[in-house]
Amino acid sequence: MALKHDWTKEEILDIYNKPFMDLLYEAASVHREHHDPNTVQVSTLLSIKTGGCPEDCGYCPQAARYHTDLEGNDLMSVNQVKAQALRAKASGSSRVCMGAAWRNVKDGEEFDNVLEMVRSINKLDMEVCCTLGMLTENQAARLAEAGLYAYNHNLDTSEDYYKEVISTRGFDDRLATIDNVRKTNVTVCSGGIIGMGESTADRAGMLVALATLNPQPESVPINALVPVEGTPMEEQEPVPIWDMIRMVATTRIVMPETQVRLSAGRTQMSREGQAMCFFAGANSIFAGDKLLTTPNPDVNEDMEMFKMLGLNPQKPFVKKSQPESVAAENTQFQSQNEKPKWSRPGHKIERNLEAQQKAKTKV
């Protein structure tokens, strides 16, 4: 049966608002039709460059304009990253996701180092993912040639609510980055965050944006906001577990072949709540004690939970074969020293400005 790519917000809201047991049953049925229900893909998220980001994303402690007591660090070395990847592999992860607090990729020595990190992790027979901000078609091609397996670029929320969260980059630029990745053989990882003050209609709107992409993203992370003191969203109430389960189940139904990742916010979830998310169609998690800057369950706790639930970590390259890494000296795609004009919408978001003002008084 062909995948549906013409989802409307109303159709997705109808699914989201179904009686809970009906929603769960449908999602679990779709999940079993397309995936092994007892296998979960395990990724390790590694912050290779922390803090100092020029963006104003209201949820993010890495934004330089907010005061969050975050310890920043410069770009890690290739050897440091390789050591972390080996540790992740030993603990059961099949993928390493490297995140850098950049607005967009810039050609130069740092990007060249990231390309070497991709090559070194791919040679460990692990899937490699990067989340580096916006990137051009040539930059995407260079990452693909280095052996990148996936590129993460979250939409965060619906196009309508996006302007209440971020004013320094445009929603269309996110879609353009995904489109640039799609011109290569790299898979797309794109999802969002719930619990930022958005409506249920906004949650459906985000899923419309993702589910109407053709092809749909191979991976969709569903994050629960982790409020961090000093950010504009520090006082947001935690997302109820029922909302997370509904969001996972709805994502599974509208994107049946996608791996749905239970991402940030798991420290606030009981094992029973996580088990229901797995039953509803989540089949990927982040392991490790940190997700970039926010806390995450200990990997040993996760393995204990897997054992209790009879879940097995997914092996690497099950969904797509391992890409080849082309050595830097043999590359066909050279640095073009591009300076793309990514948009800066520039509208004002009151709570972001208040948090910025508060940060100035703390310094």
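This structure is a prediction, so every number in the text was calculated from the model and none was measured.
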Which heavy atom of Ser158 sits nearest to which heavy atom of Asp202, and what is that distance? OG-OD1, 2.8 Å
Exam field: side chain Gln80 to backbone Ser77, donor-acceptor pair closer than 3.5 Å: yes
Does any N or O in the side chain of Thr184 come within less than 3.5 Å of the main-chain N or O of Val181, such that one atom is a donor and the other an acceptor? yes
Can you find a side-chain donor-acceptor pair between Thr136 and Glu338 that sits under 3.5 Å? yes
Can the positive tip of Arg261 be found less than 6.0 Å from the middle of the six-membered ring of Phe286, inside 45° of the ring normal? yes
With side chain to side chain contact (heavy atoms under 4.5 Å, CB included) as the criterion, how do Trp7 and Leu207 come out once you've worked through the C-alpha distance, each side chain's angles and the decisive distance to 0.1 Å? CA-CA 9 Å; Trp7 289 99; Leu207 292 182; over 6 Å; no
Inter-residue atom distance Leu45.CG - Cys97.SG, 0.5 Å rounding: 6.0 Å
I'd like to know if Val165 and Trp342 are part of one continuous hydrophobic network [Ile/Leu/Val/Met/Phe/Trp/Tyr, side-chain heavy atoms within less than 4.5 Å]. no
Linked, directly or transitively: Met134 and Phe333 (ILVMFWY side chains, under 4.5 Å): no
Shared hydrophobic cluster, Val228 / Ile349 (ILVMFWY, side-chain heavy atoms < 4.5 Å): no
Within 6.0 angstrom of Lys106 NZ, more than 12 heavy atoms from elsewhere: no
Quick one: does Lys183's side chain have a donor or acceptor within less than 3.5 Å of a partner on Ala140's backbone? no
Checking Asn223 against Tyr59: is there a side-chain donor and acceptor pair closer than 3.5 Å? no
Which value, rounded to the nearest 0.5 Å, describes the distance between Asn154 atom CG and Ser263 atom OG? 8.0 Å
Reported CD1-to-CD distance for the pair Ile121 and Gln84, which is rounded to 0.5 angstrom: 10.0 Å
Yes or no on side-chain hydrogen bond (donor to acceptor under 3.5 Å, both in side chains) for Ser284 and Gln259, after CA distance, side-chain angles and deciding distance? CA-CA 6 Å; Ser284 178; Gln259 295 213 265; 5.7 Å; no
Ser325 and Asn122: side chain donor to acceptor below 3.5 Å: yes
Exercise: identify the closest heavy-atom pair between Cys277 and Ile245: SG-CG1, 3.8 Å
Would the distance check show the side chain of His5 and the main-chain N or O of Leu213 forming a donor-acceptor pair, the cut-off being under 3.5 Å? yes
How long is the gap from CE on Met206 to CG on Asp156, to the nearest 0.5 Å? 8.5 Å
Minimum-distance pair of heavy atoms, taken over all atoms of Tyr161 and Gly197: OH-C, 3.3 Å
Any donor-acceptor pair under 3.5 Å linking the side chain of Arg203 with the backbone of Ile193? no
Ignoring hydrogens and angles, state whether a donor on the side chain of Ser43 or Gln41 is under 3.5 Å from an acceptor on the partner side chain. yes
Basic-acidic side-chain contact under 4.0 Å: Lys339, Asp107: no
Linking directly or through intermediates, with side-chain heavy atoms under 4.5 Å: list the remaining ILVMFWY members grouped with Phe317, chain and number order. Tyr149
Do Glu198 and Thr157 have side-chain N/O donor and acceptor atoms under 3.5 Å apart? no
Where the side chain of Asn17 meets the backbone of Leu13, is there a donor-acceptor pair that is under 3.5 Å apart? yes
Glu304 and Arg271: CA distance, side-chain angles, deciding distance, salt bridge (charged side-chain N to carboxylate O under 4.0 Å, His left out) verdict: CA-CA 10 Å; Glu304 197 179 301; Arg271 282 187 174 175; 3.4 Å; yes
Please report the C-alpha distance between Thr131 and Tyr151 in whole Å, then the side-chain angles of each, then the deciding distance to 0.1 Å, and finally whether the side chain to side chain contact (heavy atoms under 4.5 Å, CB included) criterion is met. CA-CA 6 Å; Thr131 179; Tyr151 194 81; 5.7 Å; no
Under a 4.0 Å threshold between the charged nitrogen and the carboxylate oxygen, would Glu11 count as salt-bridged to Lys4? yes
Above 12 or not: heavy atoms from other molecules or residues under 6.0 Å from CE of Met308? yes
Quick one, Gln139 with Gln336, criterion side-chain hydrogen bond (donor to acceptor under 3.5 Å, both in side chains). Give me CA distance, side-chain angles, the key distance, then yes/no. CA-CA 9 Å; Gln139 290 163 344; Gln336 294 181 353; over 6 Å; no
Rounded distance [0.5 Å steps], CD in Glu110 versus CG in Leu75: 5.0 Å
Return yes if some donor-acceptor pair links the side-chain N/O of Gln216 with the main-chain N/O of Glu257 below 3.5 Å, else return no. no
Is Asp14 salt-bridged to Lys18, going by a charged N under 4.0 Å from an acidic O? no
Main chain of Lys89, side chain of Ser93: is a donor-acceptor contact present, judged purely on distance under 3.5 Å? no
OG on Ser167 to NE2 on His347, rounded to 0.5 Å: 5.0 Å
Heavy atoms of Val128 and Gly147 approach each other most closely as CG2-O, 4.4 Å
For Leu23 and Ile15, work out which heavy atoms get closest and say how close. CD1-O, 3.4 Å
How about Asn312 and Thr39: does a side-chain donor come under 3.5 Å of a side-chain acceptor? no
Could you walk me through whether Arg119 and Glu116 satisfy the salt bridge (charged side-chain N to carboxylate O under 4.0 Å, His left out) test, starting with their C-alpha distance in whole Å, then the side-chain angles of each, then the deciding distance to 0.1 Å, before giving a yes or no? CA-CA 5 Å; Arg119 291 183 181 100; Glu116 279 307 310; 2.7 Å; yes
Determine whether Lys319 and Glu218 satisfy the following criterion, side chain to side chain contact (heavy atoms under 4.5 Å, CB included), listing intermediate values before the conclusion. CA-CA 9 Å; Lys319 302 290 183 181; Glu218 284 81 0; over 6 Å; no
With the 4.5 Å side-chain cut-off for hydrophobic clustering, are Val318 and Val42 part of the same group? no
For Asn180 and Thr177: C-alpha separation, side-chain torsions, deciding distance, then whether side-chain hydrogen bond (donor to acceptor under 3.5 Å, both in side chains) applies. CA-CA 5 Å; Asn180 286 336; Thr177 292; 5.3 Å; no
Audit row: Asp112, Arg142, salt bridge (charged side-chain N to carboxylate O under 4.0 Å, His left out) steps and yes/no: CA-CA 9 Å; Asp112 291 343; Arg142 294 180 73 197; 2.9 Å; yes
Give a yes or no on whether Met305 and Val248 share a hydrophobic cluster (residues Ile, Leu, Val, Met, Phe, Trp, Tyr; joining criterion: side-chain heavy atoms under 4.5 Å apart). yes
Got a list of side-chain donor-acceptor pairs under 3.5 Å for residues 249-256, not counting sequence neighbours?
| from | atom 1 | to | atom 2 | distance (Å) |
| --- | --- | --- | --- | --- |
| Thr250 | OG1 | Arg246 | O | 2.7 |
| Thr251 | OG1 | Met247 | O | 2.7 |
| Arg252 | NE | His31 | ND1 | 3.2 |
| Arg252 | NE | Gly281 | O | 3.3 |
| Arg252 | NH1 | Met255 | O | 3.0 |
| Arg252 | NH1 | Pro256 | O | 3.1 |
| Arg252 | NH1 | Thr258 | O | 2.7 |
| Arg252 | NH2 | Thr258 | O | 2.9 |
| Arg252 | NH2 | Gly281 | O | 2.9 |
| Arg252 | NH2 | Asn283 | OD1 | 3.3 |

Asp302 vs Ile285, side chain to side chain contact (heavy atoms under 4.5 Å, CB included): CA-CA, chis, key distance, verdict: CA-CA 9 Å; Asp302 282 335; Ile285 62 165; 3.9 Å; yes
